[in-house]
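One structure is given here, and the rest of the page talks about it.
For ligands, and for the atoms within them, numbers begin at 1 and follow the listed sequence. Nothing here was measured: the structure is a model prediction, and the numbers come from that model.
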Amino acid sequence: MKTQKFLYLSKSDVEKVDLPMAEIIDTLDQAFIQKGHGEIEMPPKPGIHTAPDAFIHAMPAYIPSLGAAGIKWVSGYPENYKKSLPYINGLLILNDPATGMVLSVMDCVWITAMRTGAATAVAAKYLANLDSKTIGILGCGVQGRTNLKALKIIIPGLNNCIIYDIYEKAAIKYSEDMQEETGLQIKIAKSPKEVVENSEVIVTAGPILKEPNPVIEGNWLKPGVFASPVDFDSYFKKSSFLNCDKFVTDDTSQCLYYKSLGYFKHIPEIYADLGEIAAGIKPGRKSRDEKIMCANLGLAMDDVAVAIKIYKRAKAGNIGKWLEL
Ligand SMILES: NC(=O)c1ccc[n+]([C@@H]2O[C@H](COP(=O)([O-])OP(=O)(O)OC[C@H]3O[C@@H](n4cnc5c(N)ncnc54)[C@H](O)[C@@H]3O)[C@@H](O)[C@H]2O)c1
């Protein structure tokens, strides 16, 4: 038997491929349509939990239309910043669906950052008012950045961004970086309330906490708002969940699984899975004034769909290192 090799892509190799955000959004949109039609294999993610509010998750998925099969093994440790380590870390393995052989092992940090922003943008495509002008970002870290970048592609008329972070330094750095990257006017708010009351699109991206201390009241939400709680229910109070006309999630079974673990205690009845909306099985936004929240929990299919594209581009561009199994 011949020696089997796989392509190893480090964090900088993955970044070098530089898959454009617009392509990632389109790839995920197609994946959600297929999910809506039941064409994707993706069991709910199992995880282990070695420290309070920390997780290490296994996320497998098979997407037949892309010929993509793989698994992400990803950790999230909220206290890592105290050791100058990143919050999110991990690796993704891609397998050949025909033989099961390992095609590639790659760092998953860039993919996680980009695909989460892209998934918010897919939700916004169906659920936001696409002529929105003002966006609010709570939590000015990695997700605060990629979500803004992705939403500006789907809602190009966005021109004002109001931000909040408990660390002022983080907010200042964000405003400098993102103003340059997106061309948006960025204003640092004094409170989460100021952000929410003035935004048509809202992304919350602080740390996910099992016992959160949420602050966003239902009556702060503007008519017509679209909200993406990337940090689950850490920012939104029960009243804000209940004040939404539609509550959508990227995967109903996963959302209910998280609920069984103690997250999302106060969510209303789930209106739809994002895949059902993307596939046209259920309508998305029906009127200008609807308040809609879409909780994307992060799906293995998002990662695997992006990873296969990165693998193909890296292979064609001689990026990465071939290693023996
Ligand atoms: N749903 C998903 O698919 C998905 C995927 C990846 C990450 N996440 C979650 O997104 C969140 C952000 O991840 P990240 O990689 O951007 O982390 P990050 O550490 O880069 O950014 C978090 C930011 O939140 C700020 N912050 C901390 N507490 C805050 C508070 N109470 N109010 C406002 N800001 C606060 C920090 O100063 C930091 O700027 C995490 O909760 C992570 O678990 C979700």
For Thr204 and Asp231, test the side chains for any donor-to-acceptor distance below 3.5 angstrom and give the result as yes or no. yes
Write 'none' if nothing qualifies; otherwise put on separate lines each N/O atom of ligand 1 with a protein N/O atom under 3.5 Å away and their distance to 0.1 Å.
{"unit_1": "ligand 1", "atom_1": "1 (N)", "unit_2": "Val230", "atom_2": "O", "d": "3.3"}
{"unit_1": "ligand 1", "atom_1": "1 (N)", "unit_2": "Asn296", "atom_2": "O", "d": "2.9"}
{"unit_1": "ligand 1", "atom_1": "3 (O)", "unit_2": "Arg115", "atom_2": "NH1", "d": "3.1"}
{"unit_1": "ligand 1", "atom_1": "3 (O)", "unit_2": "Leu297", "atom_2": "O", "d": "3.4"}
{"unit_1": "ligand 1", "atom_1": "3 (O)", "unit_2": "Gly298", "atom_2": "N", "d": "3.4"}
{"unit_1": "ligand 1", "atom_1": "16 (O)", "unit_2": "Val142", "atom_2": "N", "d": "3.1"}
{"unit_1": "ligand 1", "atom_1": "16 (O)", "unit_2": "Gln143", "atom_2": "N", "d": "2.7"}
{"unit_1": "ligand 1", "atom_1": "20 (O)", "unit_2": "Val142", "atom_2": "N", "d": "3.0"}
{"unit_1": "ligand 1", "atom_1": "32 (N)", "unit_2": "Tyr235", "atom_2": "OH", "d": "2.5"}
{"unit_1": "ligand 1", "atom_1": "37 (O)", "unit_2": "Asp165", "atom_2": "OD1", "d": "2.7"}
{"unit_1": "ligand 1", "atom_1": "37 (O)", "unit_2": "Asp165", "atom_2": "OD2", "d": "3.3"}
{"unit_1": "ligand 1", "atom_1": "39 (O)", "unit_2": "Asp165", "atom_2": "OD2", "d": "2.6"}
{"unit_1": "ligand 1", "atom_1": "41 (O)", "unit_2": "Gly206", "atom_2": "O", "d": "2.6"}
{"unit_1": "ligand 1", "atom_1": "41 (O)", "unit_2": "Ile208", "atom_2": "N", "d": "3.0"}
{"unit_1": "ligand 1", "atom_1": "43 (O)", "unit_2": "Tyr87", "atom_2": "OH", "d": "2.9"}

So that I can tick it off, tell me whether Glu194 and Lys187 are bridged by a salt bridge, with the cut-off set at under 4.0 angstrom between side-chain N and carboxylate O. yes
Transitively linked via ILVMFWY side-chain contacts under 4.5 Å: Ile186 with Ile166? no
So, Lys152 and Glu181, do they make that salt bridge, N to O below 4.0 Å? no
Lys72/Asp302 salt bridge by N-O under 4.0 Å criterion: no
Lys35 and Asp251 ion-paired at < 4.0 Å: yes
